2 protein chains.
Amino acid sequence: MAQKEDRRVRKTKEALRNGLLQLMQEKQINEITVKELTELVDINRATFYNHYHDIYDLFSSIEKEMYEEIQRTLDRYTLNKEVYQKRIHFPAEQSPLPLFLEIFNFLVENMEMCLFLLGDKGDSEFIEKVLNYGKHKYIKEWQKIYHVDNPELLDATYAFVASGFMGLIRYWLANGMKQSPQEMAVIAEKVILFSMKMFEK
Amino acid sequence: MAQKEDRRVRKTKEALRNGLLQLMQEKQINEITVKELTELVDINRATFYNHYHDIYDLFSSIEKEMYEEIQRTLDRYTLNKEVYQKRIHFPAEQSPLPLFLEIFNFLVENMEMCLFLLGDKGDSEFIEKVLNYGKHKYIKEWQKIYHVDNPELLDATYAFVASGFMGLIRYWLANGMKQSPQEMAVIAEKVILFSMKMFEK
DNA sequence: TCCGGCTTGTTGCTTAATCTACAAAGGTTT
DNA sequence: AAACCTTTGTAGATTAAGCAACAAGCCGGA
């Protein structure tokens with residue numbers, strides 16, 4: 001499956017993706033026609049149908065790729081006890097944990113899409129899916145590190161932290177992303193790791 | 001010949017053109033390899049050879065297209081006596097003749113290429129060719145309007161005006177194009193039409 | 001309601017771009 | 001010189017993108 005994509009396919013899909021995101025900033029997704037999209041990105045309309053069934057199919061594929069990239073990002077960083085302990089009591093002022101930094105950089109790079117997903121008419125299902133993927137991962141991590149075996153506490157803590165994190169991101173996006181990813185990552189690390197103290201004996 | 005080019009061809013050539021101009025800002029043309037160009041613009045190297053023999057061939061094609069566009073531009077505007085007379089004595093302060101405006105807009109749109117062509121290692125042959133094309137056209141125009149039949153005077157005047165015009169352009173390019181095309185067109189029209197007074201009885 | 005115009009999927013066919021591989025030519029380093 | 005590495009130009013086979021044309025569906029105005 002992961003056969004390297006043909007250069008033409010890659011470029012075509014990239015163009016369509018960018019074009020759709022551009023159009024989505026101007027109008028609702030249901031107002032966007034295949035015709036105008038293909039004309040905008042200068043690609044034959046028939047070529048569109050070689051890859052996607054309709055606009056929604058294209059949109060879903062963007063979401064899917066984003067989801068997979070988020071998964072890969074989360075999977076890439078697994079914390080151990082030492083780092084947690086150290087960071088909790090001596091939070092880094094300048095150099096946040098790479099995971100947090102990467103998350104905010106990701107938000108910058110996928111700004112248009114994130115603005116939409118988190119907006120009024122966004123896809124809350126998608127957000128749920130992402131948070132749920134993180135849930136299993138981080139609850140397991142916390143269990144290992146803190147030897148907490150109270151499922152309700154773990155679940156509740158994750159619910160709190162995840163929701164708080166999303167709120168932080170929403171605030172940032174809504175206010176024009178004035179802070180740099182670095183600044184945001186430092187803040188996020190602070191507030192999240194602070195919540196971890198709950199698990200300490 | 002003027003069969004509409006295939007979308008793929010158009011995009012490929014466009015990418016290669018832009019890529020070459022980009023590379024030419026960094027290094028000499030003889031240091032640029034086909035490999036790095038095709039990698040830069042993300043096109044298969046073999047595709048390059050479908051259209052061009054080598055880097056110089058590509059460059060020539062850019063020059064050629066530019067030359068043809070210049071020709072079309074010059075051909076598009078033919079002045080008559082009334083306009084000349086009116087403009088000479090009441091030069092427009094804000095709205096210059098469309099030809100002049102178009103020339104400076106053209107320079108903006110083809111900035112990189114023009115900076116190169118008019119630079120130290122530029123193509124003075126190309127400049128000569130353009131000026132020579134204008135020569136026949138404008139000398140004829142002037143003859144018609146002013147009934148001057150002194151070939152030496154016409155040639156000399158053209159030599160003066162053309163060289164002056166090029167100097168004006170060089171000055172503008174070399175100084176960062178701070179003036180708008182409109183401003184430059186007004187200035188160009190003034191100094192050029194002023195020279196035309198030479199032909200008046 | 002019907003019409004006219006536009007968008008939509010879809011198709012057959014054409015053609016350009018891709019990929020891979022190769023030998024040859026330059027240019028560098030040892 | 002020899003070994004090495006990179007670029008070059010070319011070729012054959014493959015595949016994606018293009019084009020044109022069509023019926024079908026949608027929609028707004030006459």
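What you see is a predicted model, and the numbers here were worked out from it, not measured in a lab. Lettering follows sequence order; numbering is per chain, from 1.
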Centroid-centroid under 6.0 Å between Phe104(A) and Phe100(A) rings: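 That pair fails the under 6.0 Å test.
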
Ring centroid separation Phe116(B) to Phe59(B) under 6.0 Å: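 Yes; Phe59(B) has its ring centre under 6.0 Å from that of Phe116(B).
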
In whole angstroms, how far is the [atom2] atom of [N] from the [atom1] atom of [X]?
X: His51(B); N: dG9(D); atom1: NE2; atom2: C1'; answer: 16 Å
X: Phe48(B); N: dA16(C); atom1: CZ; atom2: P; answer: 17 Å
X: Asp57(B); N: dT8(D); atom1: CG; atom2: C1'; answer: 15 Å

Whether Tyr158(A) and Tyr138(A) hold their rings parallel, tilted or perpendicular, with breakpoints at 30° and 60°: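 Because their plane-to-plane angle is under 30°, the rings of Tyr158(A) and Tyr138(A) count as parallel.
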
Residues, nucleotides or ligands: over 12 heavy atoms within 6.0 Å of Glu26(A) CD: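 Yes.
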
With a cut-off of less than 4.0 Å, is there a side-chain N or O of [X] near OP1 or OP2 of [N]?
X: Tyr49(A); N: dT10(C); answer: no
X: Asn44(A); N: dC19(D); answer: yes
X: Thr47(A); N: dG18(D); answer: yes
X: Asn50(A); N: dA16(D); answer: no
X: Arg7(B); N: dA17(D); answer: no

Nearest-nucleotide 5' precedence on DNA chain C, His53(A) against Arg45(B):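 Looking at the nearest nucleotide for each, His53(A) comes out on the 5' side.
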
5′-ward residue of the pair Ala46(B)/Thr33(A) relative to DNA chain C: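 Here Thr33(A) is the residue nearer the 5' end.
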
Check: Asp75(B)/Tyr133(B) side-chain N/O donor and acceptor closer than 3.5 Å: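 There is such a pair (donor and acceptor under 3.5 Å, judged by atom type) between the side chains of Asp75(B) and Tyr133(B).
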
DNA chain D-proximal residues of residues 8-23 of chain A, any heavy atom under 4.0 Å: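 Within this stretch, Arg8(A), Val9(A), Thr12(A) sit under 4.0 Å of the strand.
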
DNA chain D contacts made by residues 34-42 of chain B, counting heavy atoms under 4.0 Å: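 Close to the strand are Val34(B), Lys35(B).
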
Salt bridge (Lys or Arg N to Asp or Glu O under 4.0 Å) assessment of Glu68(B) paired with Lys64(B): CA-CA 6 Å; Glu68(B) 288 165 354; Lys64(B) 185 162 168 282; 3.3 Å; yes

